[in-house]
Amino acid sequence: MNQHPSELRKLRDNPELVSSAVSEIIRYQTPIAHMRRNAATDIVVGGKQIRKGDKVVMWYISGNRDEEVIESADRFLIDRKNVRQHLSFGFGIHRCLGRHLAELQLKILWEEVLNARLEVEVVGEPDRIASNFVHGYSALPVQIRA
Ligand code: HEM
């Protein structure tokens, strides 16, 4: 939100966008970058031959920026249409079991930030987790003002 002040303004002007903003945050960040599957059968996907037993990496972080599915995918827009149509929670039978809890936690966090009129300013670079799996931060210095 610090990097996208116009989106924060939209949210402050219209707090009903909070659920939509949470989905966009989760899409844009893509906290889990990928998962892997073992192919159960021979199949062609996107013109590529995959053989039974092949290990296939599904880059959610790439799918979430697919311009063929998501308009202006590189932009952070909290009021985009089809905002929940992202891959951050995976897809299919193993889709994240905790997704509703994760969304609820972020929704409550943002509701409280908005209700208490807190200004959260990022004042330094994040410490990134050194991983190609978890796309996250271990620390982010901020100043919080009421
Ligand atoms: C923003 C937060 C979260 C993200 C981005 C996330 C992402 C994911 C992803 C990508 C998968 C793999 C889906 C697949 O293999 O197709 C997954 C699976 C799973 N997640 Fe989450 N998750 C989050 C929060 C949570 C929370 C809070 C819980 C539990 C309270 C949870 C529990 C699980 C479980 C149990 C699975 C395994 C489901 C299965 O294999 O059938 N997740 N999650």
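Each ligand, and each atom within it, is numbered from 1 in the order the structure gives.
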Test item, Met58 contacting ligand 1 (heavy atom, 4.0 angstrom) | no

Sole candidate of Ile78, Asp79, Val113 that passes side chain to side chain contact (heavy atoms under 4.5 Å, CB included) when paired with Leu11 = Ile78

Sort and list the pairs that fulfil ring pair (Phe, Tyr, Trp, His ring centres under 6.0 Å) and have at least one residue in residues 102-123, not counting sequence neighbours.
-> none

for atom 16 (O) of ligand 1, nearest protein heavy atom and its distance come out as Arg37 NH2, 2.7 Å

Just wondering, more than 12 heavy atoms not from Arg36 lying within 6.0 Å of its CZ?
-> yes

Which residue pairs pass the salt bridge (Lys or Arg N to Asp or Glu O under 4.0 Å) test with at least one member in residues 124-146, sequence neighbours excluded?
-> Glu121-Arg145

Atoms of protein origin (N, O or S) under 2.8 Å from atom 21 (Fe) of ligand 1 | Cys96 SG

If you draw the axis of the six-membered ring of Phe89, does the NZ or CZ of Arg27 fall within 45° of it and under 6.0 Å from the ring centre?
-> no

Criterion salt bridge (Lys or Arg N to Asp or Glu O under 4.0 Å) on Glu103 and Arg99, from CA distance to verdict = CA-CA 6 Å; Glu103 289 174 335; Arg99 63 190 184 277; over 6 Å; no

Could you pull out the closest heavy-atom pair between Glu71 and Arg80, with the gap in Å?
-> O-NH1, 2.7 Å

What protein heavy atom sits nearest atom 12 (C) of ligand 1, and how far away is it?
-> Met35 CE, 3.5 Å

Could you tell me if any non-hydrogen atom of Pro31 lies under 4.0 Å from any atom of ligand 1?
-> yes

Ligand 1 atoms nearer than 4.0 angstrom to some heavy atom of Phe91 are 16 (O)

Return yes or no for this condition: an N or O of His94 is under 3.5 Å from an N or O of ligand 1.
-> yes

How close do Leu77 and Glu7 get, heavy atom to heavy atom, and via which atoms?
-> CA-OE1, 3.4 Å

Report yes if some N/O of Ser88 lies less than 3.5 Å from some N/O of ligand 1; otherwise report no.
-> no

Could you check atom 30 (C) of ligand 1 against the protein and tell me its nearest heavy-atom contact, residue, atom and distance included?
-> Leu101 CD2, 3.6 Å

Those residues that, when tested against Phe133, pass ring pair (Phe, Tyr, Trp, His ring centres under 6.0 Å) (two or more places apart) = His34

Nearest heavy-atom approach of Ser88 to Ile26 is OG-O, 2.7 Å

